[in-house]
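Below: one structure, written as structure tokens.
Residue numbers run from 1 in the order of the sequence given. Both ligands and their constituent atoms are indexed starting at 1 by order of listing.
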Amino acid sequence: MTLLTPRLAVDGQPWRRVVLGDGTTLDVRPLQRTDGPALAAAVASLSADSRYRRFLTPKPRLTDRELARLTDVDHHAREALVAVEPSTGEWVGVVRYAVFPHEPRVADVAVTVADSWQRRGVGTALLRVLVEHARREGIARLHATTFADNRAALRLLAARGFAVREARRDSVELALELAPAAA
Ligand SMILES: CC(C)(COP(=O)(O)OP(=O)(O)OC[C@H]1O[C@@H](n2cnc3c(N)ncnc32)[C@H](O)[C@@H]1OP(=O)(O)O)[C@@H](O)C(=O)NCCC(=O)NCCS
């Protein structure tokens, strides 16, 4: 069971405390523009396989341009949330969405969990918080793209209600329609 409770606020956005099924507590906070070095380090510490599955291409390291794009969050049209181990500050996972340039109510989603933390419910907890945030922001549909053999991502997305829109030989496009948040 995952418990989510609002905590502090950064840029008007709440921190949340997440309790994993094994009792481990994590903080989930909005990414900030100053997080570039920490984000670069977190991506560099992933296995080559996790980076490949996240970026859908071999990605030994992020370029300065990619890092600038990934830290360009406004917490509305572009949001990223970081799960942090509270006592060590270790980055455990990142989930994000960014609206499409010509479709402001439709956003693309990506999620990554540090290799040593995978299969503990972190991805599920992060995606759950992000989906609720997107709903509050008035986003109507979330899209995700994953490799067709990425069973972890497919199970994670299916469990949150994403449905397959297009299955190609190597990749799968999924989408989740979001009902408006209750007033
Ligand atoms: C995909 C990813 C984010 C999942 O994160 P996670 O924290 O391990 O996921 P969870 O522990 O919350 O598990 C979610 C579901 O996936 C399943 N799962 C997790 N890892 C799995 C694996 N290696 N093989 C099969 N199923 C797996 C879990 O059993 C769970 O399914 P269930 O709800 O039916 O029990 C993580 O594997 C990752 O970061 N991979 C590399 C980057 C990537 O692929 N990103 C996706 C791009 S959209």
Side-chain angles (χ1 to χ4, degrees), residues 1-4 16-29 31 35 38-62 66-67 69-71 73 78-86 88 90-100 106-134 139 141-178:
M1 175 66 78
T2 303
L3 304 175
L4 306 170
R16 290 184 179 271
R17 182 146 276 195
V18 172
V19 183
L20 304 182
D22 65 3
T24 302
T25 299
L26 300 174
D27 286 332
V28 177
R29 67 161 174 85
L31 184 121
D35 279 327
L39 178 62
V43 170
S45 73
L46 290 170
S47 65
D49 187 55
S50 284
R51 278 196 303 269
Y52 180 59
R53 289 173 185 273
R54 161 63 181 87
F55 294 101
L56 305 173
T57 186
K59 182 70 65 184
R61 70 193 65 77
L62 294 174
E66 287 167 332
L67 207 48
R69 180 175 54 79
L70 291 170
T71 51
V73 288
R78 295 178 306 284
E79 180 61 299
L81 305 172
V82 188
V84 179
E85 206 288 321
T88 62
E90 176 189 3
W91 280 37
V92 169
V94 178
V95 67
R96 63 175 63 244
Y97 70 66
V99 299
F100 291 101
V106 182
D108 193 45
V109 168
V111 54
T112 316
V113 173
D115 288 76
S116 61
W117 284 85
Q118 290 177 10
R119 299 204 87 157
R120 293 176 61 179
V122 177
T124 298
L126 279 173
L127 193 57
R128 187 168 155 186
V129 177
L130 189 83
V131 167
E132 284 316 307
H133 181 72
I139 290 170
R141 191 190 319 137
L142 293 172
H143 276 251
T145 305
T146 180
F147 285 130
D149 67 354
N150 190 344
R151 288 194 300 150
L154 290 170
R155 282 186 70 154
L156 169 69
L157 292 162
R160 293 258 57 81
F162 281 75
V164 173
R165 281 169 68 97
E166 190 176 346
R168 303 192 201 94
R169 194 165 60 89
D170 296 328
S171 65
V172 180
E173 302 276 345
L174 303 101
L176 174 68
E177 306 293 334
L178 298 181

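- Protein residues having at least one heavy atom under 4.0 Å from any atom of ligand 1 are S50, R53, R54, V111, T112, V113, Q118, R119, R120, G121, V122, G123, T124, T145, N150, R151, A152, A153, R155, L156, listed by chain and number.
- The heavy-atom pair separating V92 from V84 by the smallest distance is CG2-C, 4.4 Å.
- In this structure, D149 pairs ionically with R53, as a charged nitrogen and a carboxylate oxygen lie closer than 4.0 Å.
- Remark: side-chain polar atoms of R61 are not paired, donor with acceptor, to backbone N or O of A44 under 3.5 angstrom.
- Panel note: side chain E173, backbone R165; no donor-acceptor pair is recorded below 3.5 Å.
- R96 places a side-chain N or O within donor-acceptor distance of the main-chain N or O of L70, the cut-off being under 3.5 Å.
- Side-chain contact check for W117 and E90: at least one donor-acceptor pair (N or O, by modelled atom type) lies under 3.5 Å.
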